[in-house]
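Take a look at the structure set out below.
For the single chain, residues carry numbers from 1 onward in sequence order. Predicted model only: the values in this text are computed from it and were never measured.
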Amino acid sequence: MHTPHSPRPADPLDLLELDSLLTPDERAVRDAVRTFCDRRVEPHIAEWFEQGEIEDIRGLTKELGELGLLGMHLEGYGCAGMSAVDYGLACLELEATDSGLRSLVSVQGSLAMYAIHAFGSEEQKEEWLPRLAAGTAIGCFGLTEPDSGSDPGSMRTTARRDGDDWLLDGRKMWITNGSVADVAVVWARTEDGVRGFVVPTDTPGFSAPAIKHKMSLRASVTSELVLDSIRLPGSAVLPEVRGLRGPLSCLNEARYGIAWGAMGAARSSFRAALTYSGDRVQFGRPISSFQLTQAKLTDMALELAKGTLLAFHLGRTKDDRGLRPEQVSYGKLNNSRAALEICRTARTVLGANGISLEYPVIRHANNLESILTYEGTVEMHTLMIGQALTGQAAFR
């Protein structure tokens, strides 16, 4: 005879009980990152966003390394070797605090460290990965250029042989961590196709002026990289990859993290709207009691749950058998777009207070305008899925 379970109290932030999908170890990872963010970053993040800089970014990066978050899904060389779901949960909690914080971790681990880990020589791995994992060194990833975004094959940065050395010339744009990095993974055209180079940032001819006047990702270092006839030894090239497969595989690692992270920004904004609507009284009643407000909250909750379920599925699939590029595009396209809409709706619930940094909503909304575009625009991910559906490449 079936004995009914005692009804559990509903959690408004998790009506579907998605938390039950996690193992105890995964919950421990999630809780550790959430605790760190609440203690170390949340009290300061609005001020950092307003000022346009992270206070003591090197100290913060080292603390992230001590927590094991830098390159956490990589094996060996001081990396934690954790699962894709663990990494996704960390991205969600980091971005629930701020997209800039998740970007710092994502660029360090899924772009710079992943490139060296996947394609580097043993000497490059041993020199850089332990320091990057510990957060005692900061890395960046140089692919995008002023005139080459969605079409990296049109990059103008070049590398040419000069005896046993390489000479690099060119510019990269919108580079997270650029002006604070100790090492840059730079992609350039060569006679043999696109190649990656491990570039110490103290190399003569390298400079990284910070990009100012941003209205998005303000609590994140964004820079231009200027490569003025940089001379590198032959050992600086990544030996295990040629062509665009190298940088694009790195981007897929980072895009996977975005699918999770965007849901963190969405959750933070939804929580703010839910709390505010219960406290805000108009016409003698909390605004959460009005039908239109409940419709907004319901729509936000639905999209948040669907996006989080998609991220979970992608994480389990990645751990089980890996992800195809179009599957990553599903997550990046849907979740960045849904998260932005959740933030915009939350802003309307908060009314005029929605534009104040006293609440997280406008900060998340501004950040997600960048997330919507970087590491693959809406248009490019749409066409990647379209190509998988039809077998026709619409952009080549």
Side-chain contact test, heavy atoms from C-beta onward, threshold under 4.5 Å: evaluate it for [X] versus [Y] and give yes or no.
| X | Y | value |
| --- | --- | --- |
| Pro360 | Arg363 | yes |
| Asp299 | Ile342 | no |
| Leu323 | Asn252 | no |
| Leu69 | Leu94 | yes |
| Met155 | Lys172 | yes |
| Glu375 | Arg255 | yes |
| Val198 | Trp128 | yes |
| Val221 | Cys140 | no |

How many angstroms lie between atom [atom1] of [X] and atom [atom2] of [Y], to the nearest 0.5 angstrom?
| X | Y | atom1 | atom2 | result |
| --- | --- | --- | --- | --- |
| His381 | Leu372 | NE2 | CG | 9.5 Å |
| Leu297 | Thr345 | CG | OG1 | 9.5 Å |
| Leu70 | Thr61 | CG | OG1 | 7.0 Å |
| Met215 | Ile362 | CE | CD1 | 9.0 Å |
| Asp147 | Arg171 | CG | CZ | 8.0 Å |
| Arg324 | Ser329 | CZ | OG | 11.5 Å |

Requested in this report: Report yes or no: is the cationic atom of Lys332 (NZ for Lys, CZ for Arg) under 6.0 Å from the centre of the six-membered ring of Tyr256, at an angle within 45° of the ring normal?
Outcome: no
Query raised in the report: When you look at CG of Leu15, are more than 12 heavy atoms from neighbouring residues, nucleotides or ligands closer to it than 6.0 Å?
Result: yes
Query - More than 12 heavy atoms from other groups under 6.0 Å of CG on Asp56 - result: yes
Report task. Step through it carefully: locate the ring centre of Phe312, locate the ring centre of Trp260, and say whether they are under 6.0 Å apart. Result -> yes
Requested in this report: Determine whether the aromatic ring centres of Phe197 and Trp166 lie less than 6.0 Å apart.
Outcome: yes
Test your reading of the model: is there a side-chain donor-acceptor pair from [X] to the backbone of [Y], 3.5 Å cut-off?
| X | Y | answer |
| --- | --- | --- |
| Glu75 | Met82 | no |
| Asp162 | Asp165 | no |
| Ser148 | Thr144 | no |

Where is the tightest heavy-atom contact between [X] and [Y], given as atom of each residue plus distance?
| X | Y | value |
| --- | --- | --- |
| Leu168 | Ala159 | CD1-CB, 3.6 Å |
| Ala181 | Thr201 | O-OG1, 2.7 Å |
| Pro12 | Phe270 | O-CE2, 3.9 Å |
| Asn334 | Gly307 | ND2-CA, 4.3 Å |

**Report entry** Full working for side-chain contact (heavy atoms from CB on, under 4.5 Å) between Tyr374 and Ile258
**Finding:** CA-CA 10 Å; Tyr374 80 2; Ile258 291 172; 3.5 Å; yes
Between [Y] and [X], do the side chains contain a donor N or O and an acceptor N or O under 3.5 Å apart?
| X | Y | answer |
| --- | --- | --- |
| Asp169 | Ser229 | yes |
| Ser216 | Glu369 | no |
| Thr222 | Lys214 | yes |
| Ser288 | Ser277 | no |
| Tyr77 | Glu122 | yes |
| Glu123 | Ser235 | no |
| Ser268 | His364 | yes |
| Ser289 | Arg285 | yes |
| Lys296 | Thr348 | yes |

Report task. Check step by step if side-chain hydrogen bond (donor to acceptor under 3.5 Å, both in side chains) holds for Thr157 and Glu145. Result -> CA-CA 8 Å; Thr157 297; Glu145 298 185 357; 2.7 Å; yes
Query raised in the report: Which of these passes salt bridge (Lys or Arg N to Asp or Glu O under 4.0 Å) with Arg267: Glu95, Glu93, Glu303?
Result: Glu93
**Report entry** Verdict with supporting geometry, Arg39 and Arg34, side-chain contact (heavy atoms from CB on, under 4.5 Å)
**Finding:** CA-CA 9 Å; Arg39 173 187 60 83; Arg34 184 180 295 178; over 6 Å; no
Query raised in the report: What residue among Val185, Ile175, Asn177 forms side chain to side chain contact (heavy atoms under 4.5 Å, CB included) with Phe141?
Result: Val185
Requested in this report: Give the C-alpha distance, both sets of side-chain angles, the deciding distance and a yes or no for salt bridge (charged side-chain N to carboxylate O under 4.0 Å, His left out) between Arg58 and Asp182.
Outcome: CA-CA 11 Å; Arg58 289 197 169 274; Asp182 302 284; 3.2 Å; yes
Query raised in the report: Where does the angle between the aromatic ring planes of Tyr114 and His73 fall among parallel (under 30°), tilted (30 to 60°) and perpendicular (over 60°)?
Result: parallel
**Report entry** Trp187-Val237 co-clustered via ILVMFWY side chain contacts under 4.5 Å
**Finding:** no
**Report entry** Option among Asp25, Asp19, Thr35, Asp86 that satisfies the side-chain hydrogen bond (donor to acceptor under 3.5 Å, both in side chains) test with Arg30
**Finding:** Asp19
Side-chain polar contacts of residues 46-53 - donor-acceptor pairs under 3.5 angstrom, sequence neighbours left out - could you list them?
| from | atom 1 | to | atom 2 | distance (Å) |
| --- | --- | --- | --- | --- |
| Glu47 | OE2 | Gln51 | NE2 | 3.1 |

Query raised in the report: Checking side-chain contact (heavy atoms from CB on, under 4.5 Å) for the pair Ser370/Trp174: CA distance, chi angles, key distance, verdict?
Result: CA-CA 11 Å; Ser370 291; Trp174 306 114; over 6 Å; no
Requested in this report: Show your reasoning for whether salt bridge (charged side-chain N to carboxylate O under 4.0 Å, His left out) applies to Arg131 and Glu126.
Outcome: CA-CA 9 Å; Arg131 295 165 57 191; Glu126 290 178 355; over 6 Å; no
Query raised in the report: Can Leu22 and Leu89 be said to form a side-chain contact (heavy atoms from CB on, under 4.5 Å), step by step?
Result: CA-CA 10 Å; Leu22 301 179; Leu89 290 165; 3.8 Å; yes
